[in-house]
Structure formats: structure tokens, C-alpha cells
K.L.:
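Sending over a structure as C-alpha cells; questions will come in a sec.
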There are 2 protein chains.
Amino acid sequence: MLRLSKFTDYAVVVLTRLEEAEEGGVLTAPGLAAATGLGEPTVSKVLKILSHAGLVESRRGAAGGYRLTRPLSQMPLTEVIAAIDGPIALTACVDNSFGVCDAEATCPVRGRWDPVNDAIRRALSGISIADLAGAPPGLPHAAPVAAE
Amino acid sequence: MLRLSKFTDYAVVVLTRLEEAEEGGVLTAPGLAAATGLGEPTVSKVLKILSHAGLVESRRGAAGGYRLTRPLSQMPLTEVIAAIDGPIALTACVDNSFGVCDAEATCPVRGRWDPVNDAIRRALSGISIADLAGAPPGLPHAAPVAAE
DNA sequence: TGCAAACCGTACCTATGCGGTCCTGTTTCA
DNA sequence: TGAAACAGGACCGCATAGGTACGGTTTGCA
């Protein structure tokens, strides 16, 4: 079905919330869980991944929390997907894998998915989280990608 | 990881084989299995799906088999993906689904994945199976992935 | 007319991986 | 010193993909 994981969706939700409350302060994982309606452990897990990827900054301690490192408009969707779901590739055959495919010898499409993956990456590279989060209240950016 | 099912990969392999042997004749599922190195039941399953989707024609009986309905150059990848994996959509939230998301009320990205899906569809719409199958017979695509 | 080959449809089983939770540290502030 | 929050694992259950098997129907050929 060509789906990506729910966590990617969660990440977008969480990141959006983080930007909304970006007043120089931080938001806690429990706070974000309450705000988004997601489970606390789940939100925490997402934030950890995003923190590793450098998309959010964490601050430990009693007054700790999370903060965006970049505005969402400068955060490409590909980075979030790569952080959560791993490298963007449609098939396992793509990344240099040998021996995993039993039809290796006779398979006529080995490595042929590359242009497809490239096309996908190009299509996604132009989309930022801000495009997904929609306009900050007041800013209507009418159909940025819908055109064409 | 944004992957699509193995069956889509198999479908491309099988379709490619079908075009190679397209001499007005048909290829049987067992024959295709032997030619591709895949399991007979698996190949059979793929062919059934492709048959339902109208990508291949089946002929029953002793001299039966499968045949392409269109040259691969006129067979967009999106049709194969749609046939095997279902409609191209990254998340369940996209198609008008209500009640499936527990964070529905507070989720700020509901329906926002649409531009992403559109971008993916556009990126894939220009690719045909022939583009994946690559060279017409005679062109040795020796170890296309061996590099790296 | 009977047999064999091949497609058709469905149901079933197994394994992988996602989604979700929990627990034990470590850090920081009041 | 205690409480709050992040860090980083391990762990478990469930859904779904991937693969298999079986009974039935169609068709060509001896």
C-alpha cells in the first residue's frame, strides 16, 4: 500500500505542536502528549528519534523539554521520514543487497528501481513540514503543491 | 521505510518475462516460475492479480497461459502498484476516514498528506514498466547494482 | 470419450515488523 | 535532597505480508 509508519505521522503532529508553542520556551513530552492526545510513551519515543536526527533539541532536568532546531518551513519532509522510517527506498533490492533475493541470477529488474526511488525523493524534497502542518493561523498558502 | 510489497517487484519481473516471450504465444505460470526462479504458487498468485487488473490476459485449458494486453512501454508503474498494493496513499488518514484516529480532534495534519500523495503519484505516473525492465533483449545489463 | 495440463478461487498458515508499553538510569532545578 | 523530565534500553502483542495447499473448472489431444 506504499504506506509509511504511523510514527512519521505522529512526528508531524508533534513538530507542529512544538512550533505553535515556540515562544523561546520548551514543551515537555507529557505536555505534548496531552496536547496531541497521543500516549506519553509514544510521544516520548518519537521525540527521542527526532532528537537524534537533530530536528529537535532536548533539555534535561526538571525544567526540561523539547524545542525545534529549525522552523518547520525549513524542515523538509524527507528528513522526518528518513529519521523515523529509515532511508527512502521502495524495495530492499535497491540498497546494495546480495543474496537476499533468490531470483538474483534471473531477475531482470535488479537495480532498476533506482529511478523510481529518485523520483520519489525528488517529489518529497520540495515539501516541508510547514506545508503539511498547514498555515500558521492567518497565513493561507493556498495549495502549494496541489497545483500542476 | 516507505516500501512497497515484494509482489509488486515480482509483478515487474513476471511482466518483463512475458514481454520477452511475446511471440503471439502465451507463457504458462509454471513456465514463468521456472524462468524467473520464483515459486510456482507465488507466480500464479501474481498473475491472477494482474489478470484481474487487466494487465495480462489468461487463457485456460491445456494450451493455456498468460499474455500481455499492452506493451510494457504503455503500462504505467502506477497501474501495477495499484493492482498489487492497492491505491497509492501514504497514510490511512488520507482517504476520508473518520474514527480511526484517536487524536482526530486535536490532530493538526488531518488531510494534509494529500499534497504528498499527489506528489508521489505524479512522480510515478511518468514511469512505465518498460522503464524498469530497462534494455530490450540483446542489451546485457551486466551486474547493474554490483557497483558500490 | 477420457485424460492431462493449466487456470481459478479460496482458505490457511507462518513470520516479520510495527506499534505500544515499561523500567532503570541520568540530569537539572526548586 | 527530592521531584520532574529526558535517555536508552528491553519487552510484548498484534496486524499484515508472504507463501502454501486444495478442490474445482476449462480446454486440447489421443
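Because only heavy atoms are used, hydrogens play no part in the values below, and waters and symmetry mates are left out as well, while side chains stay in. Letters A, B, ... are given to chains in the order of the sequence lines, protein chains preceding strands, and every chain is numbered from 1.
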K.L.:
Rounded off to whole Å, could you give me the CG-to-P distance for the A/Leu27 and D/dA5 pair?
P.N.:
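One finds 12 Å between P of D/dA5 and CG of A/Leu27, rounded.
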
K.L.:
Among all residues two or more places apart in sequence or in another chain, which pass the side chain to side chain donor-acceptor pair (under 3.5 Å) test with B/Glu40?
P.N.:
none

K.L.:
How close do B/Thr69 and B/Leu55 get, heavy atom to heavy atom, and via which atoms?
P.N.:
OG1-O, 3.1 Å

K.L.:
Quick one, give me the B/S/- string for nucleotides 19-30 of chain D, reading 5' to 3', where B means a protein heavy atom under 4.0 Å from the base and S means that only happens at the primed atoms, P, OP1 or OP2.
P.N.:
BB---BBBBS--

K.L.:
Please table the atom pairs, donor to acceptor, closer than 3.5 Å between any side-chain atom in residues 73-81 of chain A and protein atoms at least two apart or in another chain.
P.N.:
none

K.L.:
Among all residues two or more places apart in sequence or in another chain, which pass the side chain to side chain donor-acceptor pair (under 3.5 Å) test with A/Thr42?
P.N.:
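With neighbours one apart ignored, the set is empty.
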
K.L.:
To the nearest angstrom, how far is A/Leu47 atom CG from D/dG9 atom C1'?
P.N.:
17 Å

K.L.:
Expressed as a whole number of angstroms, how long is the span from B/Glu57:CD to C/dC7:C1'?
P.N.:
14 Å

K.L.:
Just jot down the side chain to side chain contact (heavy atoms under 4.5 Å, CB included) partners of A/Ala63, sequence neighbours excluded, or say none.
P.N.:
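Scan of A/Ala63 (side chain to side chain contact (heavy atoms under 4.5 Å, CB included), adjacent residues dropped) gives none.
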
K.L.:
Measure CD1/B/Ile84 against P/D/dA17 and give the value in whole Å, please.
P.N.:
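Rounded to the whole Å, the gap is 12 Å.
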
K.L.:
Rounded to whole angstroms, how far apart are CD1 on B/Ile49 and P on D/dA17?
P.N.:
11 Å

K.L.:
Could you name each residue pair satisfying salt bridge (Lys or Arg N to Asp or Glu O under 4.0 Å) that touches residues 45-60 of chain B, not counting sequence neighbours?
P.N.:
B/Glu57-B/Arg67

K.L.:
Is A/His52 close enough to D/dG8 that one of its side-chain N or O atoms is under 4.0 Å from OP1 or OP2 there?
P.N.:
yes

K.L.:
Should A/Ser58 be listed as having a side-chain N or O under 4.0 Å from OP1 or OP2 of D/dA7?
P.N.:
yes

